[in-house]
A.B. asks: 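The structure is given below, and queries will be raised subsequently.
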Amino acid sequence: MELRVMTVEWAEELVCLLRENKDRFCPVEPLRPEEYYTAEFHRLWLEKNGENTSEIAFGLFEAGRLSGQIKLSVIQRGASQSAAMGYWVDRASEGRGCCSWMVSETLRYARDKLGLHRVWASVLPENKASQRVLEKNGFSRFGLSRDHLCIAGQWRDHLLYEIILPDLT
């Protein structure tokens, strides 16, 4: 497995994965316009991807093939030095430890390269697998955010998790 900062060259492959997994993602993600499933949409987004922005996305590559993504977003500098984390993997990569590995590697990057102090994530209460991934990587549950995100057209509560990165071993 390899984690790479996403670049525009991967837009086509990313869109193919998103389309292939659309039936899995739609019930647990915000409603997406049809343009979201185009390479042009993701090319424009990936042109701005990187360390000097408020978000950075990494691709999970297995045998040279894109199989997932993890993103640090809402990156705040100054007194906060924090970011939100979100991730997904292709159906074929589920249940093989890929998410746990991506989270672990991204936390190290967030601490060592970005100098972040805290990373947090929000998870639907029924998403037990993602909760296990976070807990396995040292995240602690710290609350419930009511009507946190509009998922599949409905406001949904989310469990909140966080990790303080200097404590990362």
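This chain uses plain numbering: 1 for the first residue, then up along the sequence. Fair warning: this is a prediction, and the values are worked out from it, not measured in the lab. Only this structure's heavy atoms are used, side chains among them; waters, hydrogens and symmetry mates stay out.
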A.B. asks: When you check the gap from the basic side-chain N to the acidic O, do D90 and R24 get nearer than 4.0 Å?
C.D. replies: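 No, D90 and R24 are not salt-bridged.
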
A.B. asks: Check whether the ring centres of F61 and W10 lie less than 6.0 Å apart, and answer yes or no.
C.D. replies: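 Yes; W10 has its ring centre under 6.0 Å from that of F61.
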
A.B. asks: Return the CZ to OG distance between R91 and S67, rounded to the nearest 0.5 Å.
C.D. replies: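 So the gap between those two atoms works out to 14.0 Å.
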
A.B. asks: Return yes if a side-chain donor-acceptor contact under 3.5 Å exists between E94 and W88, otherwise no.
C.D. replies: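 Side-chain D/A pair, E94 to W88: absent.
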
A.B. asks: Does F139 reach the side chain of Q131, with side-chain heavy atoms less than 4.5 Å apart?
C.D. replies: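 They are not in side-chain contact.
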
A.B. asks: Is there a side-chain contact between R156 and L149 (heavy atoms, below 4.5 Å)?
C.D. replies: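 No, too far: nothing below the 4.5 Å cut-off.
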
A.B. asks: Going hydrophobic residue to hydrophobic residue with side-chain gaps under 4.5 angstrom, can you get from M85 over to W45?
C.D. replies: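 Shared cluster, no.
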
A.B. asks: CG of L3 to CH2 of W101: how many Å apart, nearest 0.5 Å?
C.D. replies: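 CH2 of W101 is found 5.0 Å from CG of L3.
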
A.B. asks: Report yes if the side chains of L114 and R77 come closer than 4.5 Å at any heavy-atom pair, otherwise no.
C.D. replies: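 In contact.
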
A.B. asks: Which atom names give the shortest non-hydrogen contact between A39 and E12, and what distance separates them?
C.D. replies: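 That closest heavy-atom pairing would be CB-OE2, 3.4 Å.
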
A.B. asks: Looking only at heavy atoms, which two atoms of A110 and V119 are closest? And how far apart?
C.D. replies: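 Result for this residue pair: CB-CG2, 4.3 Å.
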
A.B. asks: Given 3.5 Å as the limit, does a donor-acceptor pair link the side chain of R4 with the main chain of L60, or not?
C.D. replies: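 No; judged by distance alone, with no hydrogens or angles, the pair does not exist.
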
A.B. asks: Do the side chains of M1 and C98 get nearer than 4.5 Å, heavy atoms only?
C.D. replies: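 Yes; the side chains approach each other to less than 4.5 Å.
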
A.B. asks: Would you say that E47 contacts H42 through its side chain, given a criterion of any heavy-atom pair below 4.5 Å between the two side chains?
C.D. replies: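 A side-chain contact under 4.5 Å is absent here.
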
A.B. asks: Can you tell whether the side chains of E2 and R65 come within less than 4.0 Å, N to carboxylate O?
C.D. replies: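 Looking at E2 and R65, the cut-off is not met.
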
A.B. asks: Within the structure provided, determine whether L116 and R111 are in side-chain contact (heavy-atom separation under 4.5 Å).
C.D. replies: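 With C-beta onward as the side chain, the pair stays apart.
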
A.B. asks: If you take all heavy atoms of F58 and V5, which pair is closest and at what distance?
C.D. replies: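 For F58 versus V5, the nearest heavy atoms are CE2-CG2, 3.6 Å.
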
A.B. asks: About how many Å separate OG1 of T106 and CD1 of I56, when rounded to the nearest 0.5 Å?
C.D. replies: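 One gets 9.0 Å once the value is rounded to the nearest 0.5 Å.
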
A.B. asks: Please report the interatomic distance OG(S140) to CG(L160), rounded to the nearest 0.5 Å.
C.D. replies: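 Between S140 OG and L160 CG, I get 12.5 Å after rounding to 0.5 Å.
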
A.B. asks: So, for L66 and G59, which heavy atoms are closest and what is the spacing to 0.1 Å?
C.D. replies: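 So the two residues come closest at CD1-CA, 3.8 Å.
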
A.B. asks: Between S130 (side chain only) and N127 (backbone N and O only), is there a donor and an acceptor less than 3.5 Å apart?
C.D. replies: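 Flag not set: sc S130 to bb N127 has no pair under 3.5 Å.
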
A.B. asks: Side chains of I163 and N137: closer than 4.5 Å at any heavy-atom pair?
C.D. replies: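 Heavy-atom side-chain distance check fails, nothing below 4.5 Å.
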
A.B. asks: Check this for me: does any side-chain nitrogen of one of E40 and R43 sit under 4.0 Å from a carboxylate oxygen of the other?
C.D. replies: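 Yes, E40 and R43 are salt-bridged.
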
A.B. asks: Between CD1 of I151 and CG of D157, what distance do you get to the nearest 0.5 Å?
C.D. replies: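 One gets 11.5 Å once the value is rounded to the nearest 0.5 Å.
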
A.B. asks: Any side-chain heavy atom of V123 sitting closer than 4.5 Å to one from R141?
C.D. replies: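 With C-beta onward as the side chain, the pair stays apart.
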
A.B. asks: Check whether any side-chain N or O of S93 sits under 3.5 Å from a backbone N or O of V89 as a donor-acceptor pair, and report yes or no.
C.D. replies: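 Pair absent, no side-chain N/O of S93 close to backbone of V89.
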
A.B. asks: How close do L72 and I75 get, counting heavy atoms only, and between which atoms?
C.D. replies: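 Scanning both residues completely, I find the closest heavy atoms to be O-CD1, 3.9 Å.
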
A.B. asks: If you take all heavy atoms of G115 and Q81, which pair is closest and at what distance?
C.D. replies: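 That closest heavy-atom pairing would be O-OE1, 3.6 Å.
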
A.B. asks: Please test S122 against Y161 for side chain to side chain donor-acceptor pair (under 3.5 Å), starting from the C-alpha separation and ending with a verdict.
C.D. replies: CA-CA 6 Å; S122 63; Y161 284 81; over 6 Å; no

A.B. asks: With the 4.5 Å side-chain cut-off for hydrophobic clustering, are L31 and Y37 part of the same group?
C.D. replies: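 Cluster IDs for L31 and Y37 differ.
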
A.B. asks: Identify whether NZ of Lys or CZ of Arg in K71 sits under 6.0 Å from the centre of the six-membered ring of Y87 and within 45° of that ring's axis.
C.D. replies: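 Output no; distance or angle outside limits.
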
A.B. asks: Once you round to the nearest 0.5 Å, how far does OG of S82 lie from NE2 of H117?
C.D. replies: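 Reported to 0.5 Å precision, the distance equals 9.0 Å.
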
A.B. asks: Let me see the working for E34 and K22 under salt bridge (charged side-chain N to carboxylate O under 4.0 Å, His left out), right down to the final yes or no.
C.D. replies: CA-CA 11 Å; E34 279 307 309; K22 189 175 179 181; 3.4 Å; yes

A.B. asks: Counting heavy atoms not belonging to Q154, are there more than 12 under 6.0 Å from its CD?
C.D. replies: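 Counting neighbours around CD of Q154, 12 or fewer heavy atoms of other residues, nucleotides or ligands fall under 6.0 Å, so no.
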
A.B. asks: Do W120 and L159 belong to the same hydrophobic cluster, where Ile, Leu, Val, Met, Phe, Trp and Tyr are linked whenever their side-chain heavy atoms lie under 4.5 Å apart, directly or via other members?
C.D. replies: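 Different clusters.
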
